[in-house]
Amino acid sequence: MAVARRKQLPVISDRPLAKAGLKSERVLWPTKGPGAFEREVENVEDALLLTTVEKAIAWAQTGSMWPDTFGLACCAIEMMSIVSSRYDIARFGMERFSSSPRQADLLIISGRVSHKMAGPTRQVYDQMLEPKWVIAMGACASSAGMFNNYAVLQGVDKIMPVDIYVPGCPPRPEALMEGIVRLHEKIKAGVPPAYAMREVAG
Ligand code: SF4
């Protein structure tokens with residue numbers, strides 16, 4: 001019966017775990033054969049994935065960001081279509097629009113904000129737990145667009161910090177998707193939410 005030959009491990013100085021600071025008996029005795037622990041972990045070295053807690057949290061946040069169910073005007077129709085099969089926001093784990101602000105991470109301001117709606121809009125924002133993000137979708141949410149009058153708030157950033165502005169009247173769903181992807185990139189790059197940056201700036 002053939003006896004399986006024990007795999008020859010490279011010398012200790014070439015072992016990745018040794019380079020990472022692992023101290024075993026072979027460090028003290030390089031000519032000694034591999035120990036039981038080293039035989040167990042020799043394949044693990046090829047399968048290990050190292051990251052930081054911050055990167056892992058950012059990855060989880062961008063992979064399950066739930067938008068709040070909130071629409072104000074014509075832009076909301078474009079926003080609703082991002083859950084359709086054509087745009088498929090489920091690719092990012094975002095198809096679940098939450099009816100409760102307490103279970104939402106993202107507020108998409110889709111439409112003009114009248115002064116009458118400014119209070120309820122801010123209340124929805126306040127009820128969201130941190131961390132939370134805001135996208136101003138369209139010209140009206142960003143700057144009131146064509147509604148330069150006394151009845152409409154001249155940009156939603158008058159009442160809450162905004163992370164991403166999406167231009168257009170209305171922006172196509174592709175533009176909103178672009179804004180969402182840009183927001184994900186900001187989070188993965190370690191950029192804090194807009195409210196946190198506003199607090200730092202005073
Ligand atoms: S930006 Fe255009 S489409 Fe969007 S709410 Fe204003 S008027 Fe309507």
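A quick note: this is a predicted structure, and the numbers were derived from the prediction, not measured. One-based numbering, in listed order, for ligands and for the atoms of each.
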Item to check | Distance from atom 5 (S) of ligand 1 to nearest protein heavy atom, with residue and atom | outcome: G111 CA, 3.5 Å
Checklist entry - Could you give the distance from CG (D105) to CD (E130), rounded to the nearest 0.5 Å? => result 12.0 Å
Checklist entry - Would you call L176 and M79 a side-chain contact if the rule is heavy atoms closer than 4.5 Å? => result yes
Checklist entry - Is ligand 1 less than 4.0 angstrom away from at least one heavy atom of A139? => result yes
Checklist entry - Has N148 got more than 12 heavy atoms of other residues, nucleotides or ligands less than 6.0 Å from its CG? => result no
Checklist entry - Has C75 got an N, O or S atom lying less than 2.8 Å from atom 6 (Fe) of ligand 1? => result no
Item to check | Transitive ILVMFWY side-chain link F97 to L107, under 4.5 Å | outcome: no
Checklist entry - Among all protein non-hydrogen atoms, which one is nearest to atom 6 (Fe) of ligand 1, and what is the separation to 0.1 Å? => result C140 SG, 2.3 Å
Next on the checklist: Which residue and atom name correspond to the protein heavy atom nearest atom 8 (Fe) of ligand 1, and how close is it?
Outcome noted: C74 SG, 2.2 Å
Checklist entry - Is the closest basic N to carboxylate O distance between R182 and E185 below 4.0 Å? => result yes
Checklist entry - Which heavy atom of the protein is the closest neighbour of atom 2 (Fe) of ligand 1, given with residue, atom name and distance? => result C169 SG, 2.4 Å
Checklist entry - Just one of I164, D68, V162 clears the side-chain contact (heavy atoms from CB on, under 4.5 Å) bar with V134, so which one? => result V162
Checklist entry - For atom 3 (S) of ligand 1, which protein heavy atom lies nearest, and how many Å away is it? => result P170 CB, 3.3 Å
